[in-house]
Amino acid sequence: MIRFTKVSKYFGKEPVVTDIDLHIDKGELAYITGPSGAGKTTLLKLIYMAERPEKGEISVSKWDLRKIRQRRIPYLRRDIGIVFQDFKLLFNKTVFENIALAQKIRGVKPDSLRENVDRILTDVGLAHKSGSFPEHLSGGEQQKIAIARAMVSKPLILLADEPTGNLDHASAKTILSLFKEFNARGTTILIATHNSALFTDTGRKVIYLKDGKIEKETTG
Amino acid sequence: MIRFTKVSKYFGKEPVVTDIDLHIDKGELAYITGPSGAGKTTLLKLIYMAERPEKGEISVSKWDLRKIRQRRIPYLRRDIGIVFQDFKLLFNKTVFENIALAQKIRGVKPDSLRENVDRILTDVGLAHKSGSFPEHLSGGEQQKIAIARAMVSKPLILLADEPTGNLDHASAKTILSLFKEFNARGTTILIATHNSALFTDTGRKVIYLKDGKIEKETTG
Amino acid sequence: MRNVMYSLETACSNTWRDKWMNLLSAFLICSGLAIFGSFLILSFNMESAVRKWFNDFSIVIYLNKGISSDEEEALKNFFIQDSDVLSLRYISKEEALLELKDMLGAGSRVLESVEENPLPSSFEIKMKREILIPALLRQKTALFSKVPGVNEIQFGEEWLESLIRTSMILKSLLLITGTALASTVIFISYGTIRILFYRRMDEIETLKLLGATRRFIRMPFLMEGMIIGTAGGALCSLSLFASYRLVSLRLMELMPSLKAFLVTMPEGIFFYGPAAGAVLSFIGSYFAVGKIKY
Amino acid sequence: MRNVMYSLETACSNTWRDKWMNLLSAFLICSGLAIFGSFLILSFNMESAVRKWFNDFSIVIYLNKGISSDEEEALKNFFIQDSDVLSLRYISKEEALLELKDMLGAGSRVLESVEENPLPSSFEIKMKREILIPALLRQKTALFSKVPGVNEIQFGEEWLESLIRTSMILKSLLLITGTALASTVIFISYGTIRILFYRRMDEIETLKLLGATRRFIRMPFLMEGMIIGTAGGALCSLSLFASYRLVSLRLMELMPSLKAFLVTMPEGIFFYGPAAGAVLSFIGSYFAVGKIKY
Ligand SMILES: Nc1ncnc2c1ncn2[C@@H]1O[C@H](COP(=O)(O)OP(=O)(O)OP(=O)(O)O)[C@@H](O)[C@H]1O
Ligand SMILES: Nc1ncnc2c1ncn2[C@@H]1O[C@H](COP(=O)(O)OP(=O)(O)OP(=O)(O)O)[C@@H](O)[C@H]1O
Ligand SMILES: [Mg+2]
Ligand SMILES: [Mg+2]
C-alpha cells in the first residue's frame with residue numbers, strides 16, 4: 001500500500017530523512033517512533049505529498065508519486081485521512097463544520113454527510129461539542145476532533161501523527177481501539193508517536209527512526 | 001504563592017471548574033492531572049487571568065486577582081512564565097526572536113537579552129535552530145521553544161500546560177530536570193499533565209482534577 | 001452541482017462570519033467605485049455642456065442690401081436643401097437692428113445718429129456636427145459666398161476653434177484621469193480582497209492538505225468576493241444617486257441656467273453599480289486567490 | 001527609551017517581513033491620497049481662474065461729451081484717490097471708436113455712415129476685491145455718477161453676479177466633495193490598516209499573555225502604520241508631481257491661454273504628502289488597534 005525505495009529528503013543542505021526503504025502492506029497497522037526531530041512527521045508528509053523527496057521513489061496505493069500530475073494530488077489525498085500533529089482545525093468553523101469539510105471535499109451528499117459526522121462525533125465521545133468552536137475546546141478535545149475528521153470519510157489509508165499527545169490514558173485507549181476497528185475493516189494505518197506505551201505488546205510492526213534513518217524494524 | 005478559595009468558573013451555564021480550594025507554597029513544584037476536559041488548562045488560565053472566575057478568590061504572589069487593576073495585569077503576568085498547551089509561538093518570528101520577545105517585554109537590556117536567550121536555547125538543546133522559523137521545526141522542537149520562552153526571564157512562577165505532550169522520553173527527562181533545577185533556585189512550578197509517568201515516585205504534590213472538581217490531592 | 005451548492009454555502013457563511021471585515025471591504029470598494037462614478041457623472045455633464053455649445057454654434061449669411069423678398073425666399077430654399085445644413089433662421093434688417101441695439105446696451109447711443117437702417121438681412125444657419133471643423137467650414141462658406149445674393153458670411157472661427165480645443169482637452173483629460181481612476185478602483189478592490197485573502201492562507205493550506213481541488217478552494221473565495229463587490233457596488237449606486245440629486249438640486253437653485261446642461265442620472269446606475277462591483281471584485285478575487293499549487 | 005527602541009525594531013522588522021502586504025497598503029493609501037491631491041490641485045486651479053476673472057473685472061465711467069482735457073485730468077485724480085479704486089485707465093473717444101470697430105468686426109459697417117465720432121471718452125476702473133459685490137458696487141457707482149463731468153457709469157452687473165455665483169458654487173462644490181473625499185481617504189487608510197491589523201490578532205493575544213503592556217503592543221503597530229503611511233504619501237507626492245507636470249504641459253500645448261490660470265505645483269507637496277500619509281495612517285492605526293483589554 002505504501003512503499004518507499006531509497007528515499008531521501010533534504011531541507012537546504014541538511015538531510016532530514018535519508019535512504020528510507022519502507023513497505024506497509026494493505027490492511028496493516030504500523031507504528032513509526034523515534035526521538036523528537038527524528039523525521040517522523042517528514043516521513044508522513046512525503047506520503048501525502050506535502051513534501052517531495054530529493055531522491056528515491058514512493059508509491060501510495062495506486063499512485064506513483066513521481067509521476068502523479070499536480071491536478072491529481074487532491075485525489076491522492078482523498079484516499080488518505082491525516083491526523084496532523086498540530087491538528088490544523090479551522091478556528092472559524094464549528095466542530096461539526098470542521099468534520100463536515102472533509103466530507104464536502106469528497107462531494108458527499110448532505111444527508112449522508114450529517115449522518116457520518118454525527119456518528120464519528122459519537123465515536124470519539126464529543127457529540128455534545130458539535131456546535132462549539134475549536135478555541136473553546138480543551139487540547140485533548142481538539143485532538144479528538146482532528147482524529148474524527150481524518151476518519152469520517154473512511155479513507156483507504158490513515159496517517160496519525162502523535163495522535164495521543166494531548167490525551168489521557170483512557171481517551172488514548174478509546175482512540176486506539178477505534179483505529180483497530182477501522183484497521184479490521186481494511187484501512188491501512190500508520191501511526192507516528194514517541195509514546196512507546198502505545199505499541200508495546202501489540203504484535204504490530206514498529207519502525208524506529210533516528211536522525212532520519214531507519215534504525216530498526218521490530219514487532220511491538 | 002498561589003491560593004484558590006472556593007473558585008468556580010462557568011462557560012455560559014456550564015461549570016468548568018467548581019469550588020476549587022488550592023494552595024501552592026512558594027518554592028513548591030506541584031502537578032495537576034486529570035482526564036481530557038477536566039479543567040486543567042482552565043485552572044491555569046485563572047492564575048494568569050486569561051479567564052476570570054465567577055465565584056471565589058484567587059491570590060497569586062503579591063497580587064489579589066479580585067482587586068488588581070486592568071493596567072497592572074501585564075505586571076502580574078511578568079511574574080509568571082507560561083508554557084501554553086498549544087505553544088502560541090509567533091510564526092513570523094524566528095526562534096531567537098520568539099524567546100527574545102519575552103525579554104523585551106520585560107525591558108531587558110540588549111546584551112543581557114542575547115546572553116539569556118542563547119543560554120536557554122543551549123539548555124533545551126536547540127541552539128542550532130536559533131535562526132529557524134517555528135513552522136520549520138518538528139512538534140517536539142516547537143514545544144521546547146515554548147518551554148524556553150517561559151523560562152528565559154526566570155519568572156517567580158512557572159506554569160506548564162502539558163509540556164511533554166510532543167516530547168520523547170529522553171527530551172521529557174531533560175525538560176523535567178530543567179524544571180527541577182529552576183525549582184531548586186526558588187521558582188514555584190505548576191505542571192498540568194495527563195502523563196502520570198511524570199510524577200509517579202517524585203514525592204511531589206499531585207492534584208487530581210475530574211469534571212472540574214478536585215478529586216484528591218496526593219504525593220506522587 | 002453539489003459542489004457549487006457547498007461553495008455557495010461556504011461563501012455565505014464565510015461572508016457572514018467575517019461580516020465586519022467584509023463590510024469594511026464593501027465600503028472600501030464602494031469608495032473606489034463612488035470616486036469613479038462621480039468622475040463619470042462629471043464627465044457626462046461636461047460632455048453634455050460641450051454638445052450643447054456645439055449645437056448653439058451657427059454661421060451668419062449676410063445678404064445683399066437691395067435683395068427682394070422673393071430672392072430671399074429662393075435663397076432660403078436653396079440653403080435649407082444643402083445636406084450639411086441642419087436648420088435655418090431668417091433675420092430681417094429690422095430684427096438685426098434690434099439685436100444690435102440690445103447687444104450694445106448703453107453704448108447703443110452710437111446708433112442714435114444713424115437715420116437709415118444700415119444693416120442687411122441675414123440667415124442664421126446651424127450646420128451638422130460633422131462639418132463643424134474650421135477647415136471644412138471655411139470650404140463650405142467659400143462655396144456659399146459665391147451664391148448670387150449673398151454678400152458676406154461670418155462665423156466665430158475663434159470660438160469654434162476654442163470649442164474644439166476645449167472638447168479635445170476634455171476628452172484627453174477624461175481619458176487620462178479616467179484610466180487612472182479606473183485602475184485605482186480595480187486596485188483598491190484587488191488590494192482589499194488580496195488582504196482579506198491573506199487572512200485565509202492557513203485555511204487554504206489546510207484545505208489543500210485535506211484533498212480539496214482548486215475549484216473547491218477557489219469558488220467560495222470568488223463568490224465571497226462577488227458578494228462583497230455587489231454589496232459595495234449597490235451601496236455606491238445608492239449613495240451616488242442620493243448625493244447627485246442633492247448636489248444638482250442645490251446647484252440648480254444657485255444657478256438656474258445649469259438646468260440646460262445637467263444630465264439626469266440614468267436609472268441604469270442601479271444595475272451598473274452592483275455589476276461593476278461584482279465584476280471588479282471577481283477579477284480582484286481571482287488574482288488574489290492566485291495560482292493554487294499543490 | 002529601550003522600549004521605544006524595541007518597538008521601532010519590531011515595527012521595522014514587521015514592516016519588512018510583510019513587505020508585499022505593506023506595499024499593497026502603501027499603494028492603497030497612496031491611491032487615496034492621490035485622489036484627494038488631484039482634487040486639491042484642481043480646486044487650486046479653479047480658484048486661481050476665478051481670482052483672475054475678478055481681477056479683470058472693471059467698471060467704465062463715461063464722461064460728458066464736451067468735457068475738456070483739464071477737467072478730465074482733475075476727474076482722473078479724483079477717482080484715483082478713492083480708497084476703493086485699484087487702478088484706472090483713460091480711454092479717449094478715438095480709442096473707444098477703434099475698440100468698438102474691433103469688437104463689431106464685420107458688423108462695423110454700421111459705423112461707416114456715422115460721420116462724427118459719437119462716443120464719449122471714459123475711464124476704465126478696477127476696484128478693490130472687497131467692493132466687488134453688486135450691492136456695494138451699485139452704491140459706489142451711484143456716488144461716482146453724481147460727480148460733475150460724469151455722464152454715465154457702466155459695469156457688467158450680470159457678469160459680476162454670475163462670477164460671484166460661480167465662485168460660490170465652486171466653493172460649495174469644493175467643500176462637499178472635499179469633505180467626502182477626505183473622509184474616503186481616511187477611511188481607505190483606516191480600512192487598510194484595520195484589515196492588516198486583523199491578521200495580527202493572534203499575535204496581539206499572545207503578546208498580552210506574555211505580559212506586554214498596552215504601549216508595548218500598540219507602539220509597533222502605530223510605527224508600522226506610520227511607515228506605511230509615509231511611504232504611501234511620498235509615493236503619492238511623487239506621482240502627483242510627475243503626472244501634474246505632464247498633464248499641465250500637455251494642456252498648455254493645446255491651449256496656451258491656460259498658462260495664466262494654471263498654478264505651479266508647490267514644492268511643499270513633498271512635505272505635505274508624506275506628512276498627510278503619516279498622520280492619516282497614525283489615526284487609522286490608532287483606531288485599528290483599538291482598545292486593548294486584558
Ligand atoms: N520545512 C523545514 N525546513 C527546515 N527544517 C525542517 C523543516 N521541517 C522539518 N525540519 C527539521 O527536520 C527535522 C525533522 O522534523 P520532523 O518534524 O520530521 O520531526 P519529528 O520526528 O516529527 O519530531 P517530533 O516528534 O518532535 O514531532 C527537525 O530537526 C526539523 O527541525
Ligand atoms: N472558552 C470556552 N468556552 C466554552 N467552553 C470551554 C471554554 N474553554 C474550555 N471549555 C470547556 O471546558 C472544559 C475544560 O477545558 P480545559 O481546557 O480546562 O480542559 P483540560 O483539563 O485542559 O483538558 P486537556 O487535557 O484536554 O487539555 C472542556 O470541556 C472545554 O470544552
Ligand atoms: Mg512530528
Ligand atoms: Mg488543557
Side-chain angles (χ1 to χ4, degrees), chain A residues 11-12 14 16 33-45 50-51 84-87 89 91 124-126 128-129 131-145 161-175 192-197 208-210 212, chain B residues 11-12 14 16 33-45 50-51 84-87 89 91 124-126 128-129 131-145 161-175 192-197 208-210 212:
Chain A
F11 287 118
E14 262 186 286
V16 178
T33 191
S36 177
K40 303 183 291 295
T41 302
T42 306
L43 201 146
L44 296 185
K45 280 183 178 169
E51 299 287 358
F84 301 97
Q85 191 170 10
D86 55 355
F87 312 158
L89 299 176
F91 273 66
V124 299
L126 284 179
H128 59 294
K129 294 285 183 187
S132 302
F133 286 93
E135 68 176 320
H136 297 156
L137 296 184
S138 81
E141 287 162 350
Q142 289 183 23
Q143 189 153 40
K144 287 179 195 165
I145 300 304
D161 197 353
E162 211 71 83
T164 59
N166 283 279
L167 295 184
D168 57 289
H169 199 66
S171 303
K173 265 176 94 169
T174 316
I175 296 300
T193 183
H194 61 260
N195 186 356
S196 53
Y208 286 86
L209 231 86
K210 196 170 176 190
Chain B
F11 286 120
E14 262 187 286
V16 178
T33 192
S36 178
K40 302 182 291 295
T41 302
T42 306
L43 200 145
L44 296 186
K45 281 184 178 169
E51 299 288 357
F84 301 98
Q85 192 170 8
D86 54 356
F87 312 158
L89 299 177
F91 273 66
V124 299
L126 284 178
H128 59 295
K129 294 284 182 189
S132 301
F133 286 94
E135 70 176 317
H136 296 156
L137 296 183
S138 82
E141 287 163 348
Q142 289 183 24
Q143 189 152 43
K144 287 179 196 167
I145 300 305
D161 198 352
E162 212 71 80
T164 60
N166 283 279
L167 294 185
D168 56 290
H169 199 65
S171 303
K173 264 176 94 167
T174 315
I175 296 300
T193 184
H194 62 260
N195 186 357
S196 54
Y208 287 86
L209 229 84
K210 195 171 176 189

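Throughout, protein chains are lettered first and strands after them, A, B, ... in sequence-line order, and every chain is numbered starting at 1.
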Margin query: Quick check on B:Thr164 against chain A: is it the side chain, the backbone, both or neither that has a heavy atom closer than 4.5 Å?
Written below: backbone
Note to self: I need the minimum non-hydrogen distance between B:Phe91 and B:Phe133, along with the two atoms involved.
What the structure shows: O-CD2, 3.8 Å
Next item on the list: Give the member of A:Ala170, A:Gly140, A:Ala172, A:Gly165 that has the highest number of heavy-atom pairs under 4.5 Å with chain B.
Entry: A:Gly165
Next item on the list: Could you look at B:Glu141 and say if it's the side chain, the backbone, both or neither that has a heavy atom under 4.5 Å from chain A?
Entry: both
Notebook entry, point to check: What distance do B:Lys40 atom NZ and B:Leu209 atom CG have between them, rounded to the nearest 0.5 Å?
Noted result: 7.5 Å
Margin query: Could you measure the distance from the CG atom of B:Asp168 to the NZ atom of B:Lys173? Nearest 0.5 Å is fine.
Written below: 11.5 Å
Checklist line | Leading residue by heavy atom contact count with chain B [cutoff under 4.5 Å; candidates A:Leu167, A:Asp86, A:Thr41] | finding: A:Leu167
Check: So what's closer than 4.5 Å to chain B heavy atoms on A:Ser196: side chain, backbone, both or neither?
Finding: neither
Margin query: If we define contacts as heavy-atom pairs under 4.5 Å, which of B:Val16, B:Asp161, B:Asn195, B:Asn166 has the most with chain A?
Written below: B:Asn166
Check: Nearest 0.5 Å, what's the NZ-OG1 distance between A:Lys144 and A:Thr174?
Finding: 7.0 Å
Margin query: As an exercise, state the distance from NE2 of B:His169 to NE2 of A:His194, rounded to the nearest 0.5 Å.
Written below: 10.5 Å
Notebook entry, point to check: Considering only heavy atoms, which portion of A:Ser171 lies under 4.5 Å from any heavy atom of chain B: side chain, backbone, both, or neither?
Noted result: side chain
Check: Going from CZ on A:Phe11 to OG1 on A:Thr42, what distance comes out if it is rounded to the nearest 0.5 angstrom?
Finding: 5.0 Å
